[in-house]
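Numbers here are sequence positions counted from 1. Computed from a predicted structure; not experimentally measured.
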Amino acid sequence: MTTRNIRRQPLVGLLLAAVAGICLAEWRPLAIDAVCIAAAILAVVSFWQPRRFIIYGLVAATFFALHAVQITDSPGRKLAGEIGPQKRPVVATGEVLTEPKVSGNYATFLLRLDTIELGGKRETCHATVRVRWKGEPELGDEIRLTSLAETIPPERNPGVFDMRAYLAREDVYDSLFARYPDDGVIVRPRAGNFILRLAAKSRAWMQATLTRGLEDSPDVGALISGMALGLRHETRDDIEAPFQQTGTLHLFAVAGLHVGIIAQLLWLLGRLVQLPRRTAAAVIIPFLFFYSAITGLHVSSLRAATMASILLGGIFFDRPVLALNSLATAALVILAVNSNELFHSGFQLSFAVVGAIIVFQNTIFRPLFRLGKTDPFLPRSLVSKPRLVLEAGYYWTARGVSISAAAWIGSAILIAWYFYLFTPISLVANLAVVPLAFCILAIAMLSLIAASFSSWLSVVFNNANWVLSRLVLALVHLFSQVPDGHIYVEHPHWPNDARAEITVLDAGAGAAVHVRANGRDWLFDCGSARDFETLVRDYLHSRGVNRLDGLLLSHGDSLHVGGAPAVLAEFDPRIVIDNAAPDRSRIHHSLVVRQTRRQFVARGDSFSVAPDIVAKVLHPPRDFKGRVADDEALVVRLDIAGRYRVLFVSDSGLKTEEMLLAQPEELRSDILIKGQHVSAQSGSGKFLDAVQPKLIVATSVDFPARERISDAWAEQVRARGIKLFRQDETGAVKLEFFNDGFCATPFLGQEIFRSSSR
């Protein structure tokens, strides 16, 4: 793109000014009045002296004020202030704003309130809240709920998706929970926006049509629905993961490719019925936005629909349209509606990728095509037909490579930041998969058109898509297995001089502890299967862990080792330290580990975690049989650099502690990391006196009651001068060990514990 072309696209500068204003308001949102006055003055000045820098200043001030109002004086924030941090009973009426997603008999959706009764006082309210209700509402229904209102809780572990922060950007801060169906009633069905309800019904019909005849292949049906209609949530995680690892997950985000196909098909249809160009453009534009509504009104689809509408508007008004200017226009429109979109990964990725394609694609394409181009001074009549065919094929290959490379340039940093993923294989994967995806989308559109007059022909198209979808799945899985084709990377950070780092994840009543030292990564227990899916895997990816050096399994409790099969499959630990005591755990017995990598340990055994970290097993004795699984749990002491001791006791109880007290000199440790015994009794006074820890990190959950730390025990710990981090209050806890001391940082809260030597 030349400098002359950039100067002809003034909306790019306006967009940059708007982004600057929004970012400044995010940083300092307090001086709204002063900014509004400045905007008014700039508006007057720009009327008399329309200079470029004055216009930019006016746009920046306008978007500053717009964003400042959205983040400081919104209905959601006001409601959150009225409800407060505690759970409160409320009676609320409002309109179902999103399609309910059913999980575990509960429907989850967003509700735009009309009224709310709080503390016996009923008032009008226009805030939006998240609702869980055991009812069957539909999009657009007006409902009344008797429920408990509470602030949406924060995430309790690092590296996982922060739903609270995401919803806050949508001005949603509170949730309503209605436990029983009778706690709510549908006051007026289908009372919402007619267009959105029509879009939802159209989406349901389209999904049923596109999957007709594919009932025995639900994975393929979910893939087609995800690609054509943006129904990504219906695709299983194990199917979606390879798309993410190969950089082809954008196929599930309805964007330029999807909207372009729709626009092209509608344009061809308009030409077939001999519509004038202007009439065809005027008809296609609303259809594009309706398709965006069908696919969920996501930023990528809105951006693509807006850009396509601007391009079609150029036909309607007989004016040339510049791509970068059109992209900036789409961004300005979206930010004017909701300035918080700037901070969503979807907005940033969508515009960064398209912008990079516009700016870099030709720059990459020209020298690439020149390598295989026929000598331009050679007359075309002297060039053989095979050479012409080869040149045409090379032209389209070079075009695809340049688009893929430009898109990768635009997305690489953002994907690494948001998803901790670097995907060099995407340059090749997109070349193979995107053309097939284009064919799948085109055939899907033909299937929908054919369904209006021939269900048989529609099924034929669907079966053709079955073949292509199977090919896409095979290719994506193949590319995801390429060595170093995708690499998980940690966010860049200032290096510190920590000798070792231990992160105690908050896995509820289970356990998962990450130990890192000297470039080695170990996992002590891995939580339940659900914990692995929801937090352990994402946490390890966020730390840039592609393979574990070791996995320790403390005992057969499913809350501690239920995620082990998935850990073995995805992180392929070089060694597995297992408990030699016999147990009756089905999950434990079913683990498939290479014999050369599995080491069974018992009391008296030691193993190396890192060059300066040695683990010593204190319990159980070999062939020990406990009354319950918790009595057989491994007790391991880490000796770090000869300076610090960390004692892992898992879910050990009083019986185990009595056995350990036979050798009190082995127990002395700086930090104690413990769970709760099934009897709810652990951490006796004698045991604490023998260990003499400076800090205890202990699991604690409200249900079941035996997994909660009692107030009496907590007071007993404090009376001994021991700092207690209970994970129902702190979430995950990060421990760092230095030459002159150690510190403990909770994920929730501001309190940091430092040993006396630091």
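- Phe369 does not carry Arg399 over the face of its six-membered ring by the limits of under 6.0 Å from the centre and within 45° of the normal.
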Point to revise | Gln245 vs His477, side chain to side chain donor-acceptor pair (under 3.5 Å): CA-CA, chis, key distance, verdict | key: CA-CA 9 Å; Gln245 294 164 353; His477 278 86; over 6 Å; no
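- Checked options Thr329, Leu324, Leu327; the residue passing with Val12 is Leu324 (criterion: side chain to side chain contact (heavy atoms under 4.5 Å, CB included)).
- Counting heavy atoms from C-beta on, the side chains of Leu473 and Leu471 never come closer than 4.5 Å.
- The ring of Tyr418 has its center no closer than 6.0 angstrom to the ring center of His491.
- Classification of the Tyr488-His541 ring pair by plane angle, with boundaries at 30° and 60°, yields parallel.
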Exercise for review: Begin from the C-alpha positions of Val467 and Arg470 and carry the test side-chain contact (heavy atoms from CB on, under 4.5 Å) through to its verdict.
Suggested key: CA-CA 5 Å; Val467 175; Arg470 282 293 182 191; 5.9 Å; no
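- Taking CD1 of Ile284 as the reference point, atom CH2 of Trp267 lies at 6.0 Å (rounded to 0.5 Å).
- Closest approach of Ala451 and Thr209 over heavy atoms only: CB-CG2, 3.5 Å.
- Here OG of Ser350 is found 11.0 Å from CG of Leu414. Values are rounded to the nearest 0.5 Å.
- In plain terms, the two heavy atoms of Ala228 and Leu441 that are nearest each other are CA-CD2, 3.6 Å.
- Distance check: Leu446 CG to Asn465 CG gives 9.0 Å after rounding to the nearest 0.5 Å.
- Within the 4.5 Å cutoff, the side chain of Leu421 has no heavy atoms near those of the Val489 side chain.
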Practice item. Test side-chain contact (heavy atoms from CB on, under 4.5 Å) on Met206 and Ile294 and set out the steps. Key: CA-CA 9 Å; Met206 290 180 179; Ile294 287 174; 3.6 Å; yes
Practice item. Evaluate ring-ring contact (aromatic ring centres under 6.0 Å, His included) for Phe347 paired with Phe351, printing each intermediate quantity in order. Key: CA-CA 6 Å; Phe347 178 94; Phe351 284 92; 4.5 Å; yes
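- Between His67 and Leu335, the closest side-chain pair of non-hydrogen atoms is not below 4.5 Å.
- Contact check on Glu155 versus Arg164 returns no salt bridge, with no Lys/Arg side-chain nitrogen under 4.0 Å from an Asp/Glu carboxylate oxygen.
- For the pair Phe243/Leu223, a side-chain contact is recorded, criterion being any heavy-atom separation below 4.5 Å from C-beta on.
- Taking each heavy atom of Leu431 and Gly400 in turn, the nearest pair found is CD2-C, 3.3 Å.
- Distance alone, capped at 3.5 Å, is enough to place a donor-acceptor pair between the Ser458 side chain and the Ser447 backbone.
- Shortest non-hydrogen contact noted between Ala405 and Ile364 is CB-CD1, 3.9 Å.
- Panel note: side chain Ser542, backbone Tyr539; a donor-acceptor pair is recorded below 3.5 Å.
- Here the closest heavy-atom approach between residue Pro242 and residue Thr246 is recorded as O-OG1, 2.8 Å.
- In this structure, the salt bridge (charged side-chain N to carboxylate O under 4.0 Å, His left out) partners of Glu490, at least two apart in sequence or on a different chain, are Arg516, Arg543.
- Between the NE2 atom of His344 and the CG atom of Asn338 there is a distance of 6.5 Å, given to the nearest 0.5 Å.
- Proximity of a side-chain donor or acceptor of Trp408 to a complementary backbone N or O of Thr423 within less than 3.5 Å is detected.
- Under the ring-ring contact (aromatic ring centres under 6.0 Å, His included) rule, Phe365 has a single partner from Phe360, Trp396, Tyr395, Tyr394, which is Tyr395.
- Atom OG1 of Thr211 sits about 7.5 Å away from atom CG of Asn462, to the nearest 0.5 Å.
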Review point. When you look at Leu16 and Val19, which way does the side-chain contact (heavy atoms from CB on, under 4.5 Å) test go after all the steps?
Key: CA-CA 5 Å; Leu16 294 176; Val19 169; 5.6 Å; no
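- Gln70 contributes a side-chain N or O that, together with a main-chain N or O of Ser339, makes up a donor-acceptor pair within less than 3.5 Å.
- With ring centers used as reference points, Phe64 lies 6.0 Å or more from Trp27.
- Asp219 CG to Ile224 CD1: the interatomic distance, rounded to the nearest 0.5 Å, is 11.0 Å.
- Listed here is the closest heavy atom pair of Thr363 and Pro367: O-CD, 3.1 Å.
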Practice item. List the steps, then state whether side-chain contact (heavy atoms from CB on, under 4.5 Å) holds for Ser469 with Ile440. Key: CA-CA 7 Å; Ser469 298; Ile440 290 173; 3.8 Å; yes
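- Side-chain contact check for Leu97 versus Phe109: every heavy-atom pair is 4.5 Å or farther apart.
- Thr128 is not listed as a side-chain neighbour of Asp171, based on a closest heavy-atom distance of 4.5 Å or more.
- Between Glu341 and Arg169, the closest side-chain pair of non-hydrogen atoms is not below 4.5 Å.
- Contact annotation: the side chain of Thr248 never approaches that of Ser426 to less than 4.5 Å [non-hydrogen atoms, C-beta and beyond].
- Summarising the local packing, CG of Leu198 is surrounded by more than 12 heavy atoms from other residues, nucleotides or ligands at distances under 6.0 Å.
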